[in-house]
Trainee: 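This is the structure I have questions about; it appears just below.
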Amino acid sequence: MGDFVKISENENDDAVEVPVEKNGTLLVSNVAAQFPGACGLRYRPVDAQSYRGVRLVDGVLHPPADGWKSCVFFVNYPKGPVIADVRSQEKRKLEESDAVTAAKLLRSEPRISDLVVLGLPFSTNEEELKDYFSAFGSVVLSQVKNDPVTGKSKGFGFVRFADYESQLKAMSMRHMIGGRWCEVKLPQSKMYPQNPERSRIFVGRCPEDITTEDLRQFFCQFGEVTDVYIPKPFRSFGFVTFANEAVAQSLCGQDVIIKGSSVHLATAEPKNAAMRQQSRLATTQNTLAGLGAALGVGVNAAATPAPTGGFNLTPAMVAAMTQALQTGNWGNVGVGGMGGVGAGPRQGPGASPSNAYGRPSGNWM
DNA sequence: GTTGAGCGTT
């Protein structure tokens with residue numbers, strides 16, 4: 001039984017040893033403690049030229065057949081469409097599609113977010129909270145939530161940093177504040193509302209020898225896979241369900257190579273739901289056009305050729321953006337920049353310094 | 001004057 005797993009960010013980076021649980025599994029949370037934002041692991045089996053994902057169930061990573069000691073594992077991050085990995089699977093034979101171009105452009109820094117601080121001493125005030133977290137970087141928001149009637153602290157609050165690096169640092173460790181261990185997490189309110197129907201993708205053109213395990217191994221590089229289904233008798237397609245619907249949606253419309261076969265990924269929504277989706281998209285065209293303008297790209301959900309210089313966003317990209325517009329969360333779409341999109345609140349480094357102790361403007365609707 | 005998992009009166 002190995003005590004540690006060697007994990008590194010990239011092939012050339014030094015590995016970090018992350019402890020294995022008593023039952024031989026590895027917790028994603030432990031990986032994320034060393035690699036903030038990590039959502040999974042992949043590795044190179046000796047007999048394979050492509051990466052293989054580590055099985056992930058409910059935040060628990062299960063050891064591959066050869067165990068944790070067999071090789072170094074690499075960190076997966078949820079940065080929206082994982083184009084680079086798809087392309088390596090395809091041996092870079094395919095032309096760069098519009099979706100790939102769009103995804104590369106859209107794939108910038110992760111977002112800054114307010115962070116919830118749990119477990120504060122009831123005596124800690126907003127100034128002390130800010131002073132503590134200033135050790136990690138510039139604090140642009142510090143709040144302690146009080147009981148409306150008693151006026152006393154409820155023992156939790158919120159902080160926000162001016163830059164994402166500070167946020168990562170603060171999120172990657174526990175904090176001793178006023179003599180108590182406190183937790184710092186992304187707020188629940190910022191989590192994606194998951195729609196089970198949109199978390200599932202259709203995998204078409206499957207070869208007959210494909211197994212649910214093949215699909216699971218391939219798709220877990222993009223995010224946590226919660227279910228794989230191949231109808232019996234074999235009908236050349238299957239379904240893969242992700243824990244995060246944005247991951248599923250980011251893959252739709254692509255062709256990927258699995259076990260040497262080009263399979264097609266599409267939305268698994270029923271037809272009537274797809275129709276409703278279409279009309280919903282139509283209503284957001286103006287907003288998306290504004291987004292496209294901000295990014296300097298053409299936006300066209302029908303993927304017709306752009307006049308000049310720009311490129312199109314596929315329906316899958318538009319779907320991901322639409323979701324972001326509706327939830328106010330761009331985290332899994334990866335659209336960078338604090339301003340100019342024209343949808344959703346603007347908040348953060350650009351906000352006035354007098355915001356330091358309160359009245360955050362980030363209301364996320 | 002007490003408490004101790006959680007999620008934000010604007």
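Order of the sequence lines sets the chain letters (A, B, ...), proteins ahead of strands, with each chain counted from 1.
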Trainee: Under 4.0 Å between a side-chain N or O of Lys185(A) and OP1 or OP2 of dC7(B)?
Mentor: no
Trainee: With centres under 5.5 Å and planes under 30° as the test, does Phe122(A) stack with dG4(B)?
Mentor: yes
Trainee: Measure from CD on Glu126(A) to P on dT9(B) and round the result to the nearest Å.
Mentor: 11 Å
Trainee: Heavy atoms under 4.0 Å, any strand shown: does Leu115(A) hit a base, just sugar-phosphate, or nothing?
Mentor: nothing
Trainee: When you get a sec, tell me which of dG8(B), dT3(B), dG6(B) is the closest nucleotide to the side chain of Leu118(A)?
Mentor: dG6(B)
Trainee: Round to the nearest Å and state the distance from Lys154(A) atom NZ to dT10(B) atom P.
Mentor: 12 Å
Trainee: How long is the line joining CG of Leu120(A) and P of dG4(B), in whole Å?
Mentor: 16 Å
Trainee: Provide, to the nearest angstrom, the distance between the CG atom belonging to Asp147(A) and the P atom belonging to dG1(B).
Mentor: 13 Å
Trainee: As a quick check of understanding, evaluate side chain to side chain contact (heavy atoms under 4.5 Å, CB included) for Asn30(A) and Glu21(A), giving each step before the final call.
Mentor: CA-CA 10 Å; Asn30(A) 275 339; Glu21(A) 299 305 296; 3.2 Å; yes
Trainee: Please check if the side chain of Arg180(A) supplies one atom and the backbone of Gly119(A) the other of a donor-acceptor pair under 3.5 Å.
Mentor: yes
Trainee: Report yes or no: is the ring centroid of Phe156(A) under 5.5 Å from the six-membered base ring centroid of dG6(B), with the two planes under 30 degrees?
Mentor: no
Trainee: Just the rounded figure in Å: distance from P of dC7(B) to CG of Asp114(A).
Mentor: 16 Å
Trainee: Expressed in angstrom and rounded to an integer, what is the separation of Arg180(A) atom CZ from dT3(B) atom C1'?
Mentor: 9 Å
Trainee: Between the main-chain N or O of Val144(A) and the side-chain N or O of Glu126(A), is there a donor-acceptor pair closer than 3.5 Å?
Mentor: yes
Trainee: If you pin Lys145(A) and Ser123(A) to their nearest nucleotides in DNA chain B, which one's is more 5'?
Mentor: Ser123(A)
Trainee: Could you pull out all residues at least two apart from Lys152(A) that satisfy side-chain contact (heavy atoms from CB on, under 4.5 Å)?
Mentor: Thr150(A)
Trainee: Round to the nearest Å and state the distance from Lys152(A) atom NZ to dG4(B) atom C1'.
Mentor: 13 Å
Trainee: What about Tyr51(A) and Tyr43(A), are their ring centers closer than 6.0 Å?
Mentor: no
Trainee: What is the distance, to the nearest angstrom, from the CG atom on Leu129(A) to the P atom on dG8(B)?
Mentor: 16 Å
